[in-house]
Each structure stands twice: as structure tokens, then as C-alpha cells.
Protein chains: 2
Amino acid sequence: MLASTISQARSPTHPFGAGHPTFPSPCDSQRPQLVAFRQAGEEIYAAGDPVKHIYRVEYGAVRVFRLLADGRRQISAFHVAGEIFGFEARLDHEFFAEAINATGIRPLRLAAIEDVSRDLFPVALQSLTAMQKHLLILSRHAAIERLAAFLVDMAERQGDLDQIHLPMSRMDIADHLGLTIETVSRTFTRLKELGLIQLPDSRNIEILRRNALNDIGE
Amino acid sequence: MLASTISQARSPTHPFGAGHPTFPSPCDSQRPQLVAFRQAGEEIYAAGDPVKHIYRVEYGAVRVFRLLADGRRQISAFHVAGEIFGFEARLDHEFFAEAINATGIRPLRLAAIEDVSRDLFPVALQSLTAMQKHLLILSRHAAIERLAAFLVDMAERQGDLDQIHLPMSRMDIADHLGLTIETVSRTFTRLKELGLIQLPDSRNIEILRRNALNDIGE
DNA sequence: CGATTTATTGAAATAAATCAAACATTGTGG
DNA sequence: CCACAATGTTTGATTTATTTCAATAAATCG
């Protein structure tokens, strides 16, 4: 279903076998293929396409989304370098995936079917965890809480640095957080005025008070 | 992670092996144990407890939730008879599970670890699907859209009947949809005034215009 | 450099939260 | 069985936050 954020290893003693003792990497059963390139905005897969691969982001960034009947776009996840996405629960994709900028993606071939569930299981667990985090963000009412949580998450995924680069537009962020672009923009300004972040430019954030930011987003 | 709605079988040809050819049931590797009973409000497991089982609801209803720093409660899922829950991504529960009313739950013992991922994989996929549905609901801004989607989902899980029984309180619904009890209550009234539902009493809903309700929640 | 897209800011409208009270339901004890 | 308390639900008035509509500013692209 929702493709999500997978990059670290898991505990080797999970009762559900997530950390299978002989499990070398989250994607053992998929033999790497050539890296494919996508320009900004180019499609990786579309809703309705059969699920044939999962993918690793080599560089760049990806958005995974669905389009609703009223034309709204719900971005269920962003993926940056090192992360695996494309994991869905059905035969055909329910989501679209697009490159946000110039992006390299490596399709991972699915091996023999009897091995897939074993090897892909930890990936599924990671997807569950990432989705749960997003669900938690959306359950927060206030725009400032959603944005703060989003920024903290992005910082963590970029090596816990205080300098964050946002590969996505305000529109993308709005569609991810269930807000409008105006509210996202105003909330960035508010975080700046509160002294929690700096905004060298709209795509680069410097976190000044990480703890305070964390507290707002919980 | 999020325990969720599992009751039907899946397609037997999923590329990720969800429909493993020789896969007899979602929980083959768990030998059923005795049914345990819980009064309304009684705990099934708590955050921090080690994950030892997953559970099937025999009768009654269960809420799975987490408590946030500010005291808010986020209910990530409800489970009714026939559904399996308790599936989480970590060694210890991140969530609490409680009986909503008098409820029977059957702990399913986890079998040998090498079989678990194979047998539990479809359960994980179902959890992903259910969570995705909830995420979609929360991404909707309007209270009426969230409640409509919730009611349609509950109706589907009760055999697609137009008579829905809600085992949970307004407070539970509010904590699930990210709204307040007052807004939930007002929105029920609004749906009634729009002629989409009847409210014989607060726990029993009759859907009058299913299609219209569907359209609102998408 | 001009044109187009993207981001920010402002003012007004709107929806939900909050504060508060009434009402209904359930259960308890007299 | 009734009175009463406790809990849960609905409704009302007000406040607050976000959306919407509109305009300006900044960045990007050819």
C-alpha cells in the first residue's frame, strides 16, 4: 500500500520475524537492476499499473500520492535517497509515484514468490511504522503542529542535521499535511517569528531550537 | 504497527506473495487458544508491553489507541467481530488496546519464527490497507467528509447493511476522526437533516442514501 | 530581461474548537 | 417504582484558526 521510509535495519529478535536471523538486508530477494532516471515531475508508476517492482531512491526525491474524485491530491509519503518505496497491498498500484526533482531510482526485481514474503516482511513493517507516523501528524489539528512534526521528521531522515533541504514545493507539503499552500507558508513564517527556524530561502530550513520544534509536533 | 481490519481472503496471485498458493488462512501459524473476556474499558494490552500475540475479536469491539504528551488520545483503529488486531512493528507495543464493551478475544499463538513472516505477511498487508483508508479519512478537511467516510466503512464491515450499530461512544469517534465530540454530534445531526441517515438512537444509524454518503466521504 | 511559476502576505468568509448549558440515558439506592 | 446521581449526547453562543479570494513579491526559466 503506502510506500514509505525504509533505510535502517531492525531488531533481530522481533516476534514477527522482522529480524530474521539470516536476514542480510531489507531487500535480499530483489536483485538490483540498472538505475533509471527521471526528470522533475516525471512518472515512476501510475495508479492502475501492475505492481512489478519496489524501488530504491539513489538520489533526488519522490512523492507518492493518490488523486481524489474532487481533484484533490493526497501525498501519502515523500522518499529521499536511500529509502525504499513502491510497496503496495494490491496487484495494481493504487497510488502514483513521481520524481520531485531529477531523481535516480533503482528497480528491485522480485525473486521467487516463496521468498518474497520473508524478505519483504521487514519492509512492510517499516511501511507500517512510517504510515503510522504520518497518521499521527494528520491527527493533530493545528497547522503549526503538523508542520513542526513534518520538519522534525525530515531532519531525522537527513541525518539529524539542523540544516534541512526541502526538495518539495509548498504545494507538495500542503497536499501531504492536509493544509493549503497559504497556511503552510504562513506557518513557516510563524515558526520563523517564534525563533524556532531560519529560512535562508523557501527550500532551505535551519532549525534553531530543535527541542521546541519537537515539543510542538510532539 | 497499527492493528487493523482483517477478515476476507486476498487475491492468490499477488506479486508480493500475499496470496501464497498454499496459504489456507490469515493466521495459519497461530494455534488458537482459549477465548479471553473483557469488560467494557478493560485493557487487552498496554503500550510498553512486549508483543506476544495477535488477537481475533470473537464478539464485542476493541479500540487501539495511543496517548499523546498533551493528554490527547488518538484511536488508530476499531475492531469488531471476526477481525484480527495487535499487529505491531516493534518488540513492544506502542499502542493500547481496550475492550469497548463486553468483548471476547482469542489470542493467537505465534508459531516457529521462520513461518511467521510468511503467514503474517497478508495480515501486514491488510493492516497497511486499513491504515491507508484511515489516513485518507484524516486527510479530508471537513468534519462531514470524515464522518461520512467513517460510517460507510463501518457499514461495509457490518456486512454492507444499512443498519449500523456503533459500539463506540461519540468520544471514541471524535478521537478516531481527529474532531471534538461536539463536532461529531453536530455532524450526525447535519447528516440526519440532509436526509442521508436516520438516528433511532445515538448508537444506531440507518443509512438512507448510501450513494450520497459515499460521495461525501468519497 | 521579460514571462511564468512559486511563495508570501492581506482581508474576508467559514468551519471547527471552546465554553457553557440543557437534555437523555443508565444505573443506584431509598 | 421513583428520585437521584453519573455519564453521555445534543444544542447554543462565542472565539479561534484555517480557508478562500485577492494581490504582491520573489524565484526560475527561456
Side-chain angles (χ1 to χ4, degrees), chain A residues 39-41 61 63 68 70-75 100-102 137-148 150-151 165-194 197-205 216, chain B residues 39-41 61 63 68 70-75 100-102 137-151 165-194 197-205 216-217:
Chain A
Q39 297 296 329
R63 61 178 163 249
L68 308 183
D70 62 358
R72 280 187 333 116
R73 183 182 64 158
Q74 180 208 18
I75 294 180
I100 294 176
N101 333 90
I137 288 178
L138 287 183
S139 79
R140 313 272 358 195
H141 305 157
I144 197 168
E145 295 172 344
R146 293 188 185 182
L147 189 59
F150 172 72
L151 290 177
H165 176 72
L166 299 178
M168 71 291 286
S169 68
R170 295 289 187 263
M171 175 68 88
D172 284 336
I173 296 171
D175 288 348
H176 187 52
L177 300 183
L179 302 169
T180 61
I181 44 176
E182 294 96 330
T183 300
V184 170
S185 185
R186 276 186 254 266
T187 307
F188 269 116
T189 303
R190 196 136 57 102
L191 288 174
K192 189 177 68 179
E193 287 168 352
L194 288 169
I197 63 171
Q198 278 291 100
L199 277 172
D201 66 274
S202 68
R203 298 296 183 97
N204 288 290
I205 315 294
I216 290 177
Chain B
Q39 298 295 329
R63 61 178 163 250
L68 308 183
D70 62 358
R72 281 187 332 116
R73 184 182 63 158
Q74 179 207 19
I75 295 181
I100 294 176
N101 335 87
I137 288 177
L138 288 182
S139 79
R140 313 270 3 195
H141 306 156
I144 197 169
E145 295 173 342
R146 293 188 185 182
L147 189 60
F150 172 72
L151 291 177
H165 176 73
L166 299 177
M168 71 291 287
S169 69
R170 295 289 186 260
M171 174 71 86
D172 284 336
I173 296 172
D175 287 347
H176 186 53
L177 300 183
L179 301 169
T180 61
I181 43 176
E182 293 96 331
T183 299
V184 169
S185 184
R186 274 185 254 267
T187 306
F188 268 116
T189 303
R190 196 136 59 100
L191 287 173
K192 189 177 69 180
E193 287 168 352
L194 288 169
I197 63 170
Q198 278 292 100
L199 278 173
D201 66 273
S202 69
R203 298 297 184 100
N204 289 291
I205 316 293
I216 289 177

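Letters go in sequence order (proteins before strands), and every chain restarts at 1.
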Item to check | Nearest heavy atoms of A:Arg63 and A:Asp172, plus distance in Å | outcome: NH1-OD2, 3.0 Å

Checklist entry - Rounded to the Å, how far apart are A:Asn101 CG and D:dC29 P? => result 11 Å

Next on the checklist: Rounded to whole Å, please give me the gap between CG in B:Asn204 and C1' in D:dG8.
Outcome noted: 15 Å

Checklist entry - Does A:Leu194 reach the side chain of A:Ile144, with side-chain heavy atoms less than 4.5 Å apart? => result yes

Next on the checklist: Tell me every residue that passes side chain to side chain donor-acceptor pair (under 3.5 Å) with B:Gln74, counting only those two or more places apart in sequence or in another chain.
Outcome noted: none

Checklist outcome for this item: Taken in chain and number order and not counting sequence neighbours, the residues that satisfy side chain to side chain contact (heavy atoms under 4.5 Å, CB included) with A:Thr180 are A:Glu182, A:Thr183

Item to check | Contacts of type side chain to side chain contact (heavy atoms under 4.5 Å, CB included), residue B:Ala149, not counting sequence neighbours | outcome: B:Ile137

Checklist entry - Can you tell me if the side-chain N/O atoms of A:Thr180 get under 4.0 Å from OP1 or OP2 in D:dT19? => result yes

Item to check | Atom pair distance, as rounded to whole Å: CG in B:Leu179 and P in D:dA17 | outcome: 17 Å

Checklist entry - Given axes from five pairs at either end, by how many degrees does the helix from C:dC1-D:dG30 to C:dG30-D:dC1 bend, rounded to 10°? => result 30°

Item to check | Atom of A:Ile100, atom of A:Ala40 and distance for their closest heavy-atom approach | outcome: O-CB, 3.4 Å

Checklist entry - In whole angstrom, what separates A:Leu177's CG from D:dT19's C1'? => result 16 Å

Checklist entry - With sequence neighbours excluded, what pairs up with B:Leu166 under the side chain to side chain contact (heavy atoms under 4.5 Å, CB included) test? => result B:Phe150, B:Leu151, B:Met154, B:Ile164, B:Met168, B:Arg170, B:Ile173, B:Phe188, B:Ile205

Checklist outcome for this item: Given protein heavy atoms under 4.0 Å, the one-letter contact record of nucleotides 3-15 of chain C, with B base, S sugar-phosphate only and - none, is simply ----SBBBB----

